[in-house]
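Inspection log for the structure reproduced underneath, given as structure tokens.
Everything numeric here is computed off the predicted structure, so don't read it as measured data.
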Amino acid sequence: MTFAEANLVDTASRSANAPTLALPVTTAAGIEAWHVESPVVPMIALAFTFEGGAAQDPEGKGGVAQMLARLLDEGAGDLSSDAFQERLAARAIELSFHAGADAVGGSLKMLVRHADEAIDLLALALAKPRFDPDAIERVRAQTLAGLRYQQNDPGVMASRRFFAEAYAGHPYARPSSGTPESIAAITRDDLVAMHKLIIGRGGLKVAAVGAIDAERLADALNRAFGTLDEAGPLKALPQTRVGQLGRRVVVDIDVPQSVLRFGMGGVPWKDPDFIPAYVLNHILGGGSFTSRLFQEVREKRGLAYSVGTSLVSHRASAMTWGYTATKNERVGEALSVIGDEIGRLISDGPSDEELQKAKDYLTGSYALGFDTSTKIAHQLVQIAFEGLGMDYFGRRNDMVANVTQADIRRAGARTFADGKMLVVAAGRPTDFL
């Protein structure tokens, strides 16, 4: 970790009055970025996201956004796929793209002495992807092979069915990676259309960390993103909630242990109740070894090796969802324990000591997410994407520390409601339905 990065880590742990070392950069072409200059190590990390992801896939063509992300570095401009990858490898340039439900993003990591070539290759990949037929078919074959493998994975099958049930009729119900039928139906025209829809300046967020000053970064950003169109317009996503609370669904797989996915309401990241919900989730199932579910399900009863919960915040929905796996004949018992702990939090809330320990852990561990240039860049761009403001890093720990029992009760009422959950089990559970 460099000295400047260490200072940002320290900033993330201090009070709301401490200014972050990230500074805004705006180029002549109107490209905006958050920038942390760190001159000690001769490297630069760039992270970026474009608004719009798998939720923008056309009906019957699930997987287009993910295939697009996988094809952006499979040849661009006058460079074939092999030639493009050879140029990256020759300069130890790390370039990758990914697609989620609401965004297509990417990451670029390079040595300072190769920054010009790295930026040129990024610009080429974004503005002029080739979508060669052989590359499309290779990525299609790889995707289909992955989908066939996943059909035997209880965890994947449980997760897919959970989202299909929770968001039935909504774009979030579709798996981002598509289905064998939808992947087979995707054409080059679909990929070109998705590229035009998403890869543009209008929904772009960028963060840069490393040995580059603001002036040179502005020039690099203009070269990388300045020639892109505005993109869009994206289709509007209707706001939705987790549906079918109280229902239990089985995905029949002949395995001795059932994989469980369960979920209920949630709070989006920009909501004032997100931080209280985050602290509450840590108490319930977010804390690796200290959470109630870990203690009650694993430590006291030996029902599962792992169990936990997390908050999911999408553009059009939010949820609290959880996971565990246990023997088929103990599924009912495990769910009963999970339900009891949620019920106790609804009726009694956490103890004052429990709440304080959660806040102490969450504030003390926050800086661990800032120990490399790449992590810092991705944290910055995620905060920018969520619209939380550059001062979020200074405010975050104070917000956690100031959470009260009243905040917890309010967030719990929005998250847990009456305690009903949608539960999906992949396996052959007994004492379940």
Checklist entry - Taking side chain as C-beta onward, heavy atoms only, is Phe225 less than 4.5 Å from Leu122? => result yes
Next on the checklist: With rounding to the nearest 0.5 angstrom, report the CG to OH distance, Leu362 to Tyr278.
Outcome noted: 5.0 Å
Item to check | salt_bridge(Asp273, Arg414) N-O dist < 4.0 Å | outcome: yes
Checklist entry - Can you tell me if NZ on Lys327 sees more than 12 non-hydrogen neighbours from other groups inside 6.0 Å? => result no
Checklist entry - Between the main-chain N or O of Gly200 and the side-chain N or O of Asp229, is there a donor-acceptor pair closer than 3.5 Å? => result no
Item to check | Any donor-acceptor pair under 3.5 Å from Asp57 side chain to Ala65 backbone | outcome: yes
Item to check | Under 3.5 Å side-chain donor-acceptor pair for Thr290 and Tyr361 | outcome: no
Checklist entry - Does some side-chain heavy atom of Glu74 sit less than 4.5 Å from a side-chain heavy atom of Phe84? => result no
Item to check | Chi angles and distances behind the side chain to side chain contact (heavy atoms under 4.5 Å, CB included) call for Glu386, Phe274 | outcome: CA-CA 12 Å; Glu386 296 293 341; Phe274 178 82; over 6 Å; no
Next on the checklist: Is it the case that the side chain of Gln295 and the backbone of Phe289 share a donor-acceptor pair, with hydrogens and angles ignored and the cut-off at 3.5 Å?
Outcome noted: yes
Next on the checklist: A side-chain contact here means heavy atoms from C-beta on lying under 4.5 Å apart; do Leu108 and Ile119 qualify?
Outcome noted: yes
Item to check | Those residues that, when tested against His114, pass ring pair (Phe, Tyr, Trp, His ring centres under 6.0 Å) (two or more places apart) | outcome: none
Next on the checklist: So for atom CD, which belongs to Glu230, do other residues, nucleotides or ligands contribute more than 12 heavy atoms lying within a distance under 6.0 Å?
Outcome noted: yes
Checklist outcome for this item: Nearest heavy-atom approach of Thr404 to Leu355 is C-CD2, 4.1 Å
Checklist entry - Taking it one step at a time, do Trp269 and Phe385 satisfy ring-ring contact (aromatic ring centres under 6.0 Å, His included)? => result CA-CA 11 Å; Trp269 204 340; Phe385 180 75; 9.6 Å; no
Next on the checklist: Apply salt bridge (Lys or Arg N to Asp or Glu O under 4.0 Å) to residues Asp407 and Arg410 and explain how you reach the verdict.
Outcome noted: CA-CA 5 Å; Asp407 296 329; Arg410 187 177 62 252; 3.0 Å; yes
Next on the checklist: Looking at Pro350, is its backbone amide N or carbonyl O close enough to the side chain of Gln405 to form a donor-acceptor pair, meaning the two atoms are under 3.5 Å apart?
Outcome noted: yes
Item to check | Residues that Ser313 engages under side-chain hydrogen bond (donor to acceptor under 3.5 Å, both in side chains), provided they are two or more places apart | outcome: none
Item to check | Nearest non-hydrogen partners of Met110 and Ala118, listed with the distance | outcome: SD-CB, 3.3 Å
Next on the checklist: Tell me every residue that passes side-chain hydrogen bond (donor to acceptor under 3.5 Å, both in side chains) with His378, counting only those two or more places apart in sequence or in another chain.
Outcome noted: Ser107
Item to check | Minimum side-chain heavy-atom gap Val64-Pro58 below 4.5 Å | outcome: yes
Next on the checklist: Between Asp213 and Arg216 (side chain of the first, backbone of the second, donor and acceptor by atom type, cut-off under 3.5 Å), is there such a pair?
Outcome noted: yes
Checklist outcome for this item: Looking only at heavy atoms, the pair that brings Ile183 and Gly62 closest together is CD1-O, 3.7 Å
Item to check | Check: Pro238 main-chain N/O paired with His170 side-chain donor or acceptor under 3.5 Å | outcome: yes
Checklist entry - Got Met43 and Ser373 here, is their nearest side-chain heavy-atom distance under 4.5 Å? => result no
Next on the checklist: With a sphere of 6.0 Å drawn around NZ of Lys359, does it hold more than 12 non-hydrogen atoms of other residues, nucleotides or ligands?
Outcome noted: yes
Item to check | Within 6.0 Å of CD in Glu59, more than 12 heavy atoms from elsewhere | outcome: no
Checklist entry - Are there more than 12 heavy atoms of other residues, nucleotides or ligands under 6.0 Å from atom NZ of Lys61? => result yes
Next on the checklist: Over 60° means perpendicular and under 30° means parallel, so tell me whether His314 and Tyr172 are parallel, tilted or perpendicular.
Outcome noted: tilted
Item to check | Reported CG-to-OG distance for the pair Asp102 and Ser317, which is rounded to 0.5 angstrom | outcome: 10.0 Å
Checklist entry - Salt bridge or not for Arg292 and Asp340, using N-O below 4.0 Å? => result no
Checklist entry - Any salt bridge between Lys357 and Asp360, counting N to O under 4.0 Å? => result no
Item to check | Over 12 foreign heavy atoms within 6.0 Å of CZ, Arg248 | outcome: yes
Next on the checklist: Can you tell me how the ring of Phe163 sits relative to the ring of Trp321, calling it parallel under 30°, perpendicular over 60° and tilted otherwise?
Outcome noted: perpendicular
Next on the checklist: Looking at Glu165 and Arg161, is any side-chain nitrogen of the basic one under 4.0 Å from a carboxylate oxygen of the acidic one?
Outcome noted: yes
Next on the checklist: Restricting to non-hydrogen atoms, name the atom on Leu303 and the atom on Val337 that form the minimum distance, rounded to 0.1 Å.
Outcome noted: CD1-CG2, 4.1 Å
Next on the checklist: Return the CD to OH distance between Gln382 and Tyr392, rounded to the nearest 0.5 Å.
Outcome noted: 10.0 Å
Donor-acceptor contacts, no H, no angles, side chain residues 146-156, under 3.5 Å, sequence neighbours left out:
residue, atom, partner, partner atom, Å
Gln150, OE1, Arg160, NH2, 3.4
Asp153, OD1, Gly155, N, 2.9
Asp153, OD1, Val156, N, 3.3

Next on the checklist: Using side chain to side chain contact (heavy atoms under 4.5 Å, CB included), reason through Met264 and Lys420 one step at a time and then give a plain yes or no.
Outcome noted: CA-CA 7 Å; Met264 63 205 86; Lys420 290 183 179 179; over 6 Å; no
Item to check | Side-chain heavy-atom pair Glu94, Thr374 within 4.5 angstrom cut-off | outcome: no
Output a table of donor-acceptor pairs, distance under 3.5 Å, between side-chain atoms of residues 426-433 and any protein atom two or more places apart or on a different chain; print 'none' if there are none.
residue, atom, partner, partner atom, Å
Arg428, NE, Asp252, OD1, 2.8
Arg428, NH2, Asp252, OD2, 3.3
Thr430, OG1, Asn328, O, 3.3

Next on the checklist: Closer than 3.5 angstrom, by distance alone: can the side chain of His98 be matched with the main-chain N or O of Ala103 as a donor-acceptor pair?
Outcome noted: no
Item to check | Tyr323 side chain near Ser306 side chain, heavy-atom distance below 4.5 Å | outcome: yes
Checklist outcome for this item: When every non-hydrogen atom of Ala208 is compared with those of Leu46, the smallest separation belongs to CB-CD1, 3.5 Å
Item to check | side chain to side chain contact (heavy atoms under 4.5 Å, CB included) between Phe393 and Leu380, intermediate numbers included | outcome: CA-CA 9 Å; Phe393 300 101; Leu380 287 170; 3.3 Å; yes
Checklist entry - Will you find, in the side chains of Arg174 and Ser182, an N or O donor that is under 3.5 Å from an N or O acceptor? => result no
Checklist entry - Is Arg344 salt-bridged to Asp348, cutoff N-O under 4.0 Å? => result no
Next on the checklist: With a 3.5 Å distance limit and no angle check, can you tell me whether Thr415 reaches the backbone of Gly266 through a side-chain donor-acceptor pair?
Outcome noted: no
Checklist entry - So how far is it from Leu121 CG to Arg91 CZ, rounded to the nearest 0.5 Å? => result 10.0 Å
Next on the checklist: Rounded at 0.5 Å granularity, tell me how far CD in Glu329 sits from OG in Ser258.
Outcome noted: 9.0 Å
Next on the checklist: Within this structure, what is the CG-CZ distance for the pair Asp120 and Arg87, rounded to the nearest 0.5 Å?
Outcome noted: 8.0 Å
Checklist outcome for this item: Shortest non-hydrogen pair, Ser176 vs Gly100, comes out as OG-C, 4.4 Å
Item to check | Pairing residues for Gln56 by the side chain to side chain contact (heavy atoms under 4.5 Å, CB included) criterion, not counting sequence neighbours | outcome: Met194, Leu197, Leu234, Lys235, Leu237
